[in-house]
Amino acid sequence: MTDSDLREIILTGIGVSPGICIGKAYLVDVEGVDIVEKYHISQLHVHSEIKRFKLAVKRAKNELRTIIENTPDAIKEHVDILETHVILLKDKLLYGKIIETIETDFINAEWALKKVVSSLKAMFLNMSDPYLKERAIDIGHVSDRILNNLVGSEKINIATIDKRVVLVAADLSPAQTSQIQLERVKGFITDKGGGTSHTSIIARTLGIPAVSGLDHATKSICNGDLIIVDGISGNVIIHPSEQTLVTYEERRIEYEFRMAALDRQSHLDAVTLDGHRFMVMGNIELPEEIVSVLDHGGDGIGLYRTEFQYLGRPDYPGETELYDKYKDVVEVMAPRPVTIRTLDINGDKALDRPIESVEDNPALGLRAIRYCLKHPNVFKTQLRAILRAAAYGNVRILFPMISGFEEIQEAKAMLHTVSDELKEEGIAHNRDIEIGIMIEVPSAVILSDILADAVDFFSIGTNDLIQFSLAIDRGNRQVAYLFNPLHPAILRLLRQTVDAARAKGKRVFMCGEMAGDPLHIPILLGLGIQEFSMNPNAIPLAKQTIRSLNVEEMRIFLSEILKEKTAQAVMERVQRRFGQEGGHGV
Amino acid sequence: MEGRPLGKSRLVMTENAMILRDITLVNALGLHARPAAQIAMLAAKAVSRVWMISDGEMVDAKSIIDILSLYCPKGSPIRFAVENTQDVETLNAIAALAESGFGEN
């Protein structure tokens with residue numbers, strides 16, 4: 001069957017990263033493991049299918065035996081669990097049940113395995129006790145091993161996509177995204193999520209289109225389907241007709257042409273009509289992204305997220321490894337500033353190591369500075385790496401999720417300790433760096449007059465600040481409509497933060513999504529935000545927007561805006577005055 | 001806990017016909033995967049069925065997964081049962097293993 005035999009289907013979601021791409025779909029399945037082939041078998045083949053399954057189990061068992069035998073006695077106890085896996089392989093509720101499923105459902109072994117394992121995992125995960133939940137992990141390991149032996153070397157892995165594809169997933173976790181070779185991906189589409197999800201942030205950083213909140217994309221799209229992703233309108237077109245393809249190809253070229261035109265001016269400074277210069281910087285997650293920041297005319301790195309090196313691995317990265325990465329970024333960017341945000345992980349959850357405790361609500365749990373202060377060794381390793389890298393350029397340190405004064409004191413005390421240690425050890429470093437905190441917890445805004453005493457700068461993280469102050473779960477589509485940076489309450493929080501900092505002679509930056517939106521910049525200038533940091537692709541438009549404005553006028557505009565009672569009214573007022581400037585839309 | 005799937009059933013079978021051993025779980029970590037595997041390995045030698053009973057629920061001691069679906073923290077009273085007199089030796093071996101704390105600490 002050729003593509004032209006198939007009817008064109010249009011799905012509509014939320015465009016979370018602008019741009020247009022046309023490519024083949026690559027499905028990443030619900031559990032994040034790669035998709036397995038699913039097909040029905042005839043009664044005649046049941047016997048041979050069961051034989052194939054038994055052979056895979058036998059191979060899996062031999063693999064385990066070999067590993068166990070080749071393990072030195074000294075560390076034998078670590079392979080104890082593998083003995084358990086050997087027995088699990090033949091457990092009747094797994095082994096027996098899979099054979100039964102092949103027989104009764106007439107499906108292939110891979111599919112039967114997935115079905116049985118999913119229901120077993122669900123049973124353990126539904127148990128209320130965290131101690132029981134972990135039992136699902138062993139079943140997962142065993143099933144992966146059988147699956148590997150069933151599909152053999154043909155198994156597709158998310159880490160080894162070899163052609164340019166459009167990723168289709170229910171949702172992508174940070175750990176999964178960290179495995180993807182992103183340069184191979186043309187675009188993302190997901191069933192869940194919205195504009196502030198991890199996937200969309202990654203997509204915007206890479207400058208590739210993404211559409212989220214499609215609900216049933218993973219059910220409607222098959223592997224290899226030709227699809228068009230329009231990250232501007234939020235449309236996804238499956239099996240496009242010849243005519244649609246031509247139309248979108250034209251739109252894609254036009255969009256890229258407009259972006260290129262903006263890029264050409266991006267190296268000019270962002271100076272307002274009344275002569276104020278603003279620094280427009282880039283947010284990065286990977287050292288490689290500095291190229292994109294520089295290409296788009298970024299004046300520095302306003303937010304270097306450091307979680308990436310901690311994801312998808314069983315151990316913590318060492319000091320040298322971290323230092324090498326930070327130094328690369330700092331050296332290339334010098335003398336421009338690089339703002340390194342210390343580790344902001346959701347406890348141990350993001351990491352590929354045993355879960356110390358399961359949290360019901362990780363966004364409000366042991367994460368970021370809280371996690372670091374509880375794990376001083378992990379924190380000190382990172383602080384040492386940062387101070388050492390600081391010897392090569394202009395480094396600023398940024399502590400995330402600060403909710404009170406004592407957290408700053410403790411973090412600073414630790415910074416002093418490691419810097420004394422480095423001095424004693426005679427290792428080159430620079431302790432004279434600027435210290436700032438993220439303003440993203442409402443209590444930090446309330447305390448901003450006190451917190452300003454302890455730091456050199458504030459950096460406002462709008463995504464978390466909005467979700468915490470308006471009490472919205474940012475992954476929940478039901479309440480996504482409430483997520484609005486122009487909510488009068490948010491604007492008042494921003495004003496309070498800026499006023500408190502100014503009274504103490506401290507500077508205020510913004511590194512949240514809000515900073516990169518041309519419709520928000522007029523308000524931010526009026527508020528007195530001094531530095532903007534955003535996804536690298538948003539820099540050219542932000543700079544152009546700043547060049548078209550007058551700070552004095554924006555202060556007056558802000559005082560009018562602050563009189564409005566609803567987010568809707570604020571939005572309308574902004575649209576009336578600046579709507580023609582564009583935004584991400586067309 | 002209601003509506004449990006799998007082989008676990010409320011204790012309806014009469015225990016009269018079976019040979020029983022009662023023990024108290026001494027492991028600090030409770031009954032996790034490794035001890036469950038040890039039980040299942042021993043139980044596999046039995047000619048007839050081997051049961052493990054805790055808190056009124058009964059599971060097949062030949063299945064690790066079934067054993068693990070029981071919630072058994074340290075101090076839980078556990079009953080092992082066999083249906084066939086030929087399996088008494090296996091039953092004693094399982095009970096002794098459990099009483100010894102599965103060779104942990």
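Letters A, B, ... are given to chains in the order of the sequence lines, protein chains preceding strands, and every chain is numbered from 1. Values below: every heavy atom of this structure, side chains too, minus hydrogens, waters and symmetry copies. On a predicted model such as this, the values are computed, not experimentally measured, just so you know.
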Visitor: How long is the span from the CG atom in L88(A) to the CD1 atom in I65(B), to the nearest 0.5 Å?
Guide: 5.5 Å

Visitor: Nearest 0.5 Å, please: how far is OG in S63(B) from CD1 in I87(A)?
Guide: 11.5 Å

Visitor: State the CE-OG1 distance between M41(B) and T84(A), to the nearest 0.5 angstrom.
Guide: 7.5 Å

Visitor: Going from CD1 on I64(B) to CG on L94(A), what distance comes out if it is rounded to the nearest 0.5 angstrom?
Guide: 9.5 Å

Visitor: A44(B), A37(B), A36(B): which one forms the most heavy-atom pairs within less than 4.5 Å of chain A?
Guide: A37(B)

